[in-house]
Amino acid sequence: RHLLEDPCNAQIRTILARLLLDLGFVSGSAAEAEMAMRDNPVCLEATEVLLECTLRLGRKDVADALRSRLDLLRGRPDRRT
């Protein structure tokens with residue numbers, strides 16, 4: 001219901017992504033986390049959920065990029081430099 005009223009609500013999408021991940025629906029969780037990040041590019045929790053999804057899916061290249069993004073969102077310097 002909430003997403004019908006506000007389909008660009010990053011907070012609701014992030015909650016849904018976390019729930020899907022907890023239930024083992026990794027691909028669905030990743031899709032919701034990606035949509036949440038599109039709606040709110042600085043959403044820390046959505047980025048964390050997507051990172052967990054990519055690790056579970058074995059996508060190390062994407063996970064490395066998400067780790068760097070999390071460092072930036074948290075105000076940490078890039079670990080690669």
Side-chain angles (χ1 to χ4, degrees):
R1 174 178 162 243
H2 295 289
L3 285 175
L4 290 174
E5 294 171 6
D6 187 6
C8 295
N9 189 319
Q11 182 179 7
I12 293 171
R13 288 206 177 275
T14 301
I15 292 167
L16 180 56
R18 170 58 64 193
L19 177 63
L20 289 169
L21 183 60
D22 290 346
L23 292 172
F25 297 101
V26 181
S27 295
S29 175
E32 289 295 336
E34 287 173 345
M35 286 187 272
M37 289 172 60
R38 262 195 304 267
D39 297 338
N40 180 0
V42 296
C43 185
L44 184 65
E45 188 177 355
T47 307
E48 291 170 340
V49 171
L50 186 56
L51 172 60
E52 179 64 28
C53 291
T54 59
L55 290 171
R56 289 189 190 186
L57 293 169
R59 307 242 358 247
K60 185 182 177 335
D61 55 330
V62 177
D64 289 342
L66 288 168
R67 278 191 192 100
S68 294
R69 180 185 182 103
L70 277 172
D71 285 344
L72 290 173
L73 291 174
R74 291 175 176 149
R76 297 179 189 156
D78 191 338
R79 291 179 283 176
R80 293 178 295 172
T81 59

Open item on the list: Please tell me whether M37 and L51 are part of a single hydrophobic cluster in this structure, the criterion being side-chain heavy atoms less than 4.5 Å apart.
Closed with: yes

TODO: Return yes if some donor-acceptor pair links the side-chain N/O of T47 with the main-chain N/O of C43 below 3.5 Å, else return no.
DONE: yes

| query | If Ile, Leu, Val, Met, Phe, Trp and Tyr residues are connected whenever their side-chain heavy atoms lie under 4.5 Å apart, and connections chain through other members, are V49 and L55 in the same group? | reply | no

* Between L50 and L70, is there a shared hydrophobic cluster once you connect ILVMFWY residues whose side-chain heavy atoms come closer than 4.5 Å? -> yes

So CG of L16 and CG of N9: to nearest 0.5 Å the spacing works out to 11.0 Å

- Message: Evaluate D64 against R67 for side-chain contact (heavy atoms from CB on, under 4.5 Å), listing each step before the verdict.
- Response: CA-CA 5 Å; D64 289 342; R67 278 191 192 100; 3.0 Å; yes

What one should report as the nearest heavy-atom pair of C53 and S29 is SG-OG, 3.2 Å

To the nearest 0.5 Å, atom OG1 of T14 lies from atom CE of M35 at 10.5 Å

Minimal heavy-atom distance between E32 and L20, with the atoms involved, is CG-CD1, 3.9 Å

Does Q11, at its CD atom, have more than 12 non-hydrogen atoms belonging to other residues, nucleotides or ligands within less than 6.0 Å? no

Nearest heavy-atom contact between L73 and V42 is CD2-CA, 3.7 Å

Heavy-atom closest pair (A36 atom, A46 atom, distance to 0.1 Å) is CB-CB, 3.8 Å

When rounded to the nearest 0.5 Å, the distance separating CG of L66 from CD of E52 is 11.5 Å

Determine whether P41 and R69 make a side-chain contact, defined as any pair of heavy atoms from C-beta on separated by less than 4.5 Å. yes

In this structure, CZ of R74 is separated from CG of L72 (nearest 0.5 Å) by 11.0 Å

